[in-house]
Amino acid sequence: MSVQQYDEIGEAFEGFKALPLTRYGEVPSFLGLVGDVSGKSVLDLACGTGFYSREFKRRGATDVFGVDISVEMIAAAEEIEKREPLGVRYEVGDVAELRPLDRRFDVALGVQCLNYAEDIAQMKRMCRNIHQSLVPGGEFFVLAQKPDYQFDNPSLHKYGFLCEPTGEEIETGPRERVTALLDPQPISIISTAPRREVYEECLRAAGFGAVKWVPLEVSEAGVREFGEDFWADLLANPPLEMLRCRA
């Protein structure tokens, strides 16, 4: 499911980062969660077009390797690397079937990654492969749909997105349709919001510890741009949540 829909998006995926929710919520929250990567190696899983790969390379990471299951996403990432060389490496690959890598990394990123597991067994394989790709004590940072997001709350339209239930549920949790309200053509993606206990079970089964959930925040720049009242609905019921854990 995830491969085909992302192959159809390609570099248009970069437009997500300009929408208010992403620009002032997701991106500063996730960068703040990961923190200082100076001198560290970073493995970016489900890297898409390489946005976070590039960000952390600019922030001092010594070696950044991005992996994504979508051929078109990796092609877009490599095209951006050609235009603006940073020394980021990319490869097409499935996190659930990740090949043994030539090194272990200090940090792994999973932005919209584990929530594409089709069942608990696949998520456990993903987590195990990620754990094996990290140095002892290395950290894994996750950003995905909030497990208990309430769909009957105010719309996310003013933040650039719609988030709607599909009515389907798989072993890991309910399916949802996320639409980025891009101009001129909105883009919709079907994803899953795995239950909180599913994440924790799979991560711990793979050997991760110190699992901690971290809420989304809005940056000071976002408050200056739109005012505090604008963000009240988002902060009362954020559609995204993060977690961190240690190998």
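If you read the sequence from its start, that first residue is 1, and numbering goes on from there.
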key: N237 side chain to Q150 backbone, donor-acceptor under 3.5 Å   = yes
task = Please determine if R103 forms a cation-pi arrangement with F105, meaning its NZ or CZ atom is less than 6.0 Å from the six-membered ring centre and no more than 45° off the ring axis.
result = yes
key: Atom pair CD/CZ of E241 and R196 - distance to nearest 0.5 Å   = 4.0 Å
task = Might you confirm whether atom CZ of R23 has over 12 heavy atoms from other residues, nucleotides or ligands at distances under 6.0 Å?
result = no
key: Heavy atoms from other residues, nucleotides or ligands near CD of E228 exceed 12 (cutoff 6.0 Å)   = no
query = Under the ring pair (Phe, Tyr, Trp, His ring centres under 6.0 Å) rule, what pairs show up with a residue in residues 228-247, not counting sequence neighbours?
reply = Y159-F230, Y159-W231, F226-F230, F226-W231
inquiry  = Taking F30 as the starting point, is it possible to reach Y149 by hopping between hydrophobic residues whose side chains are less than 4.5 Å apart?
reply    = yes
query = When hydrophobic residues are tied together by side-chain contacts of less than 4.5 Å, even through go-betweens, does V37 share a cluster with L45?
reply = no
query = Is there any ring pair (Phe, Tyr, Trp, His ring centres under 6.0 Å) pair reaching into residues 178-205, and which pairs are they, with sequence neighbours excluded?
reply = Y199-W213
task = Evaluate the criterion side-chain contact (heavy atoms from CB on, under 4.5 Å) for residue pair S155 and L162; output intermediate values, then yes/no.
result = CA-CA 7 Å; S155 169; L162 296 177; 3.5 Å; yes
task = Kindly determine whether F16 and F161 satisfy side-chain contact (heavy atoms from CB on, under 4.5 Å), including the steps that lead there.
result = CA-CA 9 Å; F16 282 48; F161 286 87; 4.0 Å; yes
Let me have the donor-acceptor pairs involving side chains of residues 214-223, under 3.5 Å, with sequence neighbours excluded, atom names and distances please.
| unit_1 | atom_1 | unit_2 | atom_2 | d |
| --- | --- | --- | --- | --- |
| S219 | OG | G222 | N | 3.1 |

key: Pairing of R54 and E84 as salt bridge, 4.0 angstrom limit   = no
ask   = How far apart are the C-alpha atoms of M242 and S29, what are their side-chain angles, what is the distance that settles it, and do they pass the side-chain contact (heavy atoms from CB on, under 4.5 Å) test?
value = CA-CA 9 Å; M242 306 178 294; S29 293; 3.8 Å; yes
task = Tell me yes or no: between the side chains of R175 and T192, is some donor less than 3.5 Å from an acceptor?
result = yes
ask   = Can you get from L114 to F141 by hopping between Ile, Leu, Val, Met, Phe, Trp and Tyr side chains that sit under 4.5 Å apart?
value = no
request  = Could you tell me whether the side chain of E171 reaches within less than 4.5 Å of the side chain of E118, counting heavy atoms only?
outcome  = no
remark   = CG of D233 to CG of N153, rounded to nearest 0.5 Å, is 8.0 Å
query = About how many Å separate CD of Q185 and CD1 of I187, when rounded to the nearest 0.5 Å?
reply = 7.5 Å
inquiry  = Measuring only between side-chain heavy atoms, which start at C-beta, is P239 closer than 4.5 Å to L156?
reply    = yes
message = Let me confirm one number: the CG-CG distance from L134 to L43, rounded to the nearest 0.5 Å.
response = 7.0 Å
message = Is any side-chain heavy atom of E26 closer than 4.5 Å to one of L21?
response = no
request  = Would you indicate whether the side-chain heavy atoms of L240 and Q145 approach each other to under 4.5 Å?
outcome  = yes
ask   = Heavy-atom distance under 4.5 Å between the side chains of L31 and R59, does that happen here?
value = yes
remark   = Here the gap from M126 atom CE to C113 atom SG, rounded to the nearest 0.5 Å, amounts to 4.0 Å
message = Tell me whether R58 at atom CZ has more than 12 heavy atoms from other residues, nucleotides or ligands lying less than 6.0 Å away.
response = yes
request  = Is it possible for you to say whether L182 and V178 belong to one hydrophobic cluster, with membership spreading through side-chain heavy-atom contacts below 4.5 Å?
outcome  = yes
Charged N-O contact under 4.0 Å between R204 and E200 = yes
inquiry  = Can you confirm whether V107 sits close enough to F140 that some side-chain heavy atom of one is under 4.5 Å from a side-chain heavy atom of the other?
reply    = no
ask   = To the nearest 0.5 Å, how far apart are CZ in R128 and NE2 in H131?
value = 11.5 Å
request  = Say whether V142 and V27 are linked into one hydrophobic cluster, either directly or through other cluster members, by side-chain heavy-atom distances under 4.5 angstrom.
outcome  = no
query = D63 pairs by salt bridge (charged side-chain N to carboxylate O under 4.0 Å, His left out) with which of R89, R104, K57, K40?
reply = R89
remark   = Between T49 and A76 the two heavy atoms that sit nearest each other are CG2-CB, 3.7 Å
Stepwise side-chain contact (heavy atoms from CB on, under 4.5 Å) test for I69 and V92 = CA-CA 5 Å; I69 196 170; V92 176; 5.9 Å; no
